[in-house]
Amino acid sequence: MIVFPETGARARLRPEASPQEIAAEILRLAEQESGEQRALDPPGREHPDGESSWIQAAQREIRNAARSSSNVLITGETGTGKELVAQLIHQNSDRRNKAMVAINCAAIPDSLVESELFGYERGAFTGATVAWDGKLKQADGGTAFLDEIGDLSPFAQAKILRAIETGELQRLGSSRPVKTNVRMIAATNHNLEDAPGHEFRRDLFFRLSVIQIAIPPLRERMEDIPGLAAAFVEEFRGKFGQAVSCVSPHMMALLLRHTWPGNVRELRNVIEAAFVNCIGSTNGLLEMPERLARRIESAGAATPHSPQALPVSEQAQLLATLSSTNWNKAEAARRLRWSRMTLYRKLAKYGPLREPRSSDPPRDRVVTAGRTV
């Protein structure tokens, strides 16, 4: 336990604190700086990795969905990571050794629904020179991911419903149905249940939504930003060949002020843009491109009372930098562009820090492409 006596803030961090741990503390201290209060977790419910409550719940939902073969409906704004959740469910299920076939429902015109999804026999129509299985048959024994299912026309919805109810597919030009075993995972950015004026079959909705997973927008789980940013830094570090260890405290402050209308996809693009503009970093810190910094700052100025647009306090930046340098005070002072004496004055101001021993028990993990989350 790290205690800041002056403010009474308590930080639950190990010396080798993960980006997620740093994330939780930055957000908590930032909210404290702005006069807001966060509800404390009840005893025994601390999140040692600093992950948001949604991440904790999502891991449980993914594990539960993976144990089942029931259909899943994933909802959320564009860019929140619906396809990633679908991939995690598939990779952790007993269907992992079979294919997961992604189908972009918004891109299939009615005239091609049957041929694309169910396949066709040779000679079924002009140009059908060879037979084709169709995408649902390709997913036999595995998973069909129906992306943007809410954009399907009523005609196409009826075809999908029939396939789910009977477990059979019938190719164009064939008189014999073919049995298939496909798990359906659908995703949409529409409110299929309550949205007025949006036509979606109620019977198909109930068939698809046996299990429902709702992904909140990034602006509602800002504590996940440092962890996501660290993952994207790791991804792009090898791609661009840059000796970058993490984002700078100034860039992190900007990331935490933005409201992210493009969600996780926008955050990934910002990190990539920062790497494109990173020419031979000498201090190992990734800096925000000037044009993006101006855009984020102007957007924050336009919504000064937004609870998500929180200023990051000096105390939070100090904590983040110490954690990212494994509590190396000389390196932390260099990254913050402070003298050693300034660093020690700040430590005295915010209270003595002592580096705790970790006694966190191992936690269940969800496997994702050779990694765990």
Can you check whether Leu112's main-chain N or O pairs, donor with acceptor, with Ser115's side chain at less than 3.5 Å?
yes
Correct closest heavy-atom pair for His90 and Thr143 would be ND1-OG1, 2.8 Å
I need the minimum non-hydrogen distance between Ile74 and Ala86, along with the two atoms involved.
CD1-N, 3.8 Å
Heavy-atom check, side chain of Phe240 versus side chain of Val276, under 4.5 Å
yes
Taking all atoms of both residues into account, what is the closest heavy-atom pair of Val233 and Ser245, and its distance?
CG1-O, 4.0 Å
For Arg95 and Asn181, does a side-chain donor sit closer than 3.5 Å to a side-chain acceptor?
yes
Asp224 vs Ile55, side chain to side chain contact (heavy atoms under 4.5 Å, CB included): CA-CA, chis, key distance, verdict:
CA-CA 8 Å; Asp224 291 335; Ile55 290 290; 3.4 Å; yes
Given Leu285 and Cys246, is the side chain to side chain contact (heavy atoms under 4.5 Å, CB included) satisfied, shown in steps?
CA-CA 5 Å; Leu285 298 179; Cys246 60; 3.7 Å; yes
Does Phe118 belong to the same Ile/Leu/Val/Met/Phe/Trp/Tyr cluster as Val178, with side-chain heavy atoms less than 4.5 Å apart forming each link?
no
Hey, could you give me the CE/NE2 distance between Met252 and His250, rounded to the nearest 0.5 Å?
12.5 Å
Are Asn64 and Glu61 packed together at the side-chain level, in the sense that at least one heavy-atom pair is separated by less than 4.5 angstrom?
no
When you measure from the side chain of Gln157 to the backbone N and O of Leu152, does any donor-acceptor pair fall under 3.5 Å?
yes
Roughly how far apart are Asn277 CG and Glu287 CD, rounded to 0.5 Å?
11.5 Å
Do Arg96 side-chain atoms and Gln91 backbone N/O form a donor-acceptor pair below 3.5 Å?
yes
Val247 side chain near Ile271 side chain, heavy-atom distance below 4.5 Å
yes
May I ask you to test the Val244-Phe236 pair for a side-chain heavy-atom distance under 4.5 Å?
no
Reported CD1-to-CD1 distance for the pair Ile89 and Ile213, which is rounded to 0.5 angstrom:
4.0 Å
Shortest non-hydrogen contact between Cys105 and Glu148, atoms and distance
CB-O, 3.5 Å
Could you give me the CA-CA distance, side-chain angles and deciding distance for Arg221 and Ile215, then say whether side chain to side chain contact (heavy atoms under 4.5 Å, CB included) is met?
CA-CA 10 Å; Arg221 48 190 180 98; Ile215 306 179; 4.0 Å; yes
Any donor and acceptor pair, going by atom type alone, linking the side chain of Ser209 with main-chain N or O of Phe205 inside 3.5 Å?
yes
Establish, from distance only, whether the side-chain atoms of Gln138 and Asp133 form a donor-acceptor pair under 3.5 Å.
no
To the nearest 0.5 Å, tell me how far Trp260 CH2 sits from Leu228 CG.
10.0 Å
Smallest heavy-atom separation, Val182 atom then Ala144 atom, equals CG1-CB, 3.6 Å
Quick one: does Asp203's side chain get under 4.5 Å of Leu161's, heavy atoms only?
yes
Can a donor-acceptor pair be found, under 3.5 Å and without considering hydrogens, that links the side chain of Arg122 to the backbone of Thr129?
yes
Are Leu136 and Trp132 joined in one hydrophobic group, where the rule is that I, L, V, M, F, W and Y side chains link up if heavy atoms are under 4.5 Å apart?
no
Has the side chain of Thr188 got a donor or acceptor atom that lies under 3.5 Å from a matching backbone atom of His190?
yes
Report the C-alpha distance between Phe232 and Leu267 in whole Å, list the side-chain angles of each, state the deciding distance to 0.1 Å, and finish with yes or no for side chain to side chain contact (heavy atoms under 4.5 Å, CB included).
CA-CA 9 Å; Phe232 294 141; Leu267 174 60; 4.1 Å; yes
Please examine the side chains of Glu83 and Phe145, heavy atoms only from C-beta on, and report whether any two atoms are closer than 4.5 Å.
yes
Euclidean distance, Ile108 CD1 relative to Ser153 OG, rounded to 0.5 Å:
10.0 Å
Using the salt bridge (charged side-chain N to carboxylate O under 4.0 Å, His left out) rule, take Glu168 and Arg162 through it: C-alpha gap first, then chi angles, then the decisive distance, then the call.
CA-CA 8 Å; Glu168 295 179 344; Arg162 175 71 179 170; 5.4 Å; no
His258 versus Glu266, side-chain donor and acceptor atoms under 3.5 Å:
yes
Is it the case that Asp140 and Thr180 place a side-chain donor and acceptor less than 3.5 Å from each other?
yes
Heavy-atom pair of closest approach, residues Ile225 and Leu255
CD1-O, 3.6 Å
N-O pairing of Glu114 and Arg171 below 4.0 Å:
no
Heavy-atom check, side chain of Gln212 versus side chain of Val72, under 4.5 Å:
no
Could you tell me whether the side chain of Lys137 and the main chain of Leu117 form a donor-acceptor pair under 3.5 Å?
no
Donor-acceptor pair, side chain of Arg219 and main chain of Pro261, under 3.5 angstrom:
no
Any chain of hydrophobic side-chain contacts (each under 4.5 Å) joining Ile211 to Ile62?
yes
Mind checking the CZ-CD1 spacing from Arg207 to Ile160? Nearest 0.5 Å is all I need.
13.5 Å
Val264 vs Arg268 side-chain heavy atoms within contact, under 4.5 Å:
no
Keeping Asn71 on the side-chain end and Met184 on the backbone end, is there a donor-acceptor pair under 3.5 Å?
yes
Donor-acceptor pair, side chain of Thr80 and main chain of Glu77, under 3.5 angstrom:
yes
